[in-house]
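The residues of the chain are indexed from 1 along the displayed sequence.
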Amino acid sequence: MFSDNKKPRPMTEFGGQPNRIEKNTKIKGNITSEADFRIDGKLEGNVKTSGKVVIGKDGYINGKVECVNADIEGKFNGELAVKDLLSLKASAIIEGTVSVSKLAVEPGATFNAACTMGKGVETASSAPKLQSTKANEPAKVS
């Protein structure tokens, strides 16, 4: 299979090579991956991974992120659901809503978010769906 006798590169713990969005790169859209993800550029959209998300010092995400672990040095605005550990570095700026099991915050980080913490935090995809009401339906008082 490998004619030059080289072994394949080892996979990360979550089944793929880490992905990277480099500085000066702007992406608009949704990303789904089973591997770790590092963002040093700008992303307008959603990230869903069974790995770790890292937002570098120059990185920015505006959207929804669902992951197992996250390290943030840059900026995040939106909805963040981390199943295990969220680590905020001193340069991090977080705005929006956060649900996490464990949180580590370095002095200097900006954390302007509504935060839900606890073991077994449900991500949006595992939470029960809310039934929507009909458009323009009046509120009912009980």
Taking C-beta and beyond as the side chain, do [X] and [Y] meet within less than 4.5 Å on heavy atoms?
X: Asp58; Y: Asn24; answer: no
X: Ile55; Y: Phe76; answer: yes
X: Val82; Y: Val68; answer: no
X: Asn46; Y: Ile31; answer: no
X: Phe111; Y: Leu88; answer: yes

Determine whether a donor-acceptor pair (N or O, by modelled atom type, separation under 3.5 Å) exists between the side chain of [X] and the backbone of [Y].
X: Glu106; Y: Ala90; result: yes
X: Thr49; Y: Ser33; result: yes
X: Ser101; Y: Lys83; result: yes
X: Thr97; Y: Ala114; result: no

Exercise for the section: Treating Ile, Leu, Val, Met, Phe, Trp and Tyr as nodes and any side-chain heavy-atom pair under 4.5 angstrom as an edge, say whether Leu86 and Val54 lie in one connected cluster. Expected result: no
Exercise for the section: Group every Ile, Leu, Val, Met, Phe, Trp and Tyr by side-chain heavy-atom contacts under 4.5 Å, then state whether Val105 and Met117 land in the same group. Expected result: yes
Find the distance between [atom1] ([X]) and [atom2] ([Y]) and round it off to the nearest 0.5 Å.
X: Lys89; Y: Ser87; atom1: NZ; atom2: OG; answer: 3.5 Å
X: Ile72; Y: Leu80; atom1: CD1; atom2: CG; answer: 5.0 Å
X: Ser91; Y: Lys57; atom1: OG; atom2: NZ; answer: 4.5 Å
X: Thr110; Y: Ile93; atom1: OG1; atom2: CD1; answer: 5.0 Å
X: Lys52; Y: Asn69; atom1: NZ; atom2: CG; answer: 6.5 Å
X: Lys48; Y: Glu66; atom1: NZ; atom2: CD; answer: 5.0 Å

Practice task
Could you go through the side-chain contact (heavy atoms from CB on, under 4.5 Å) check for Ile61 and Ile39 one step at a time?
Solution key: CA-CA 8 Å; Ile61 295 178; Ile39 289 104; 3.8 Å; yes
Completion exercise
Which of Glu44, Lys75, Lys42, Glu95 passes side-chain hydrogen bond (donor to acceptor under 3.5 Å, both in side chains) with Asn62? It is Glu44
Problem - Note: Asp36-Arg38 ion pair, threshold 4.0 Å (strictly below) - result: no
Fill in the blank from the handout: Nearest heavy-atom approach of Val100 to Leu85 is CG2-C, 4.5 Å
Completion exercise
Of all heavy-atom pairs linking Phe37 and Asn19, the shortest is CE1-CB, 3.3 Å
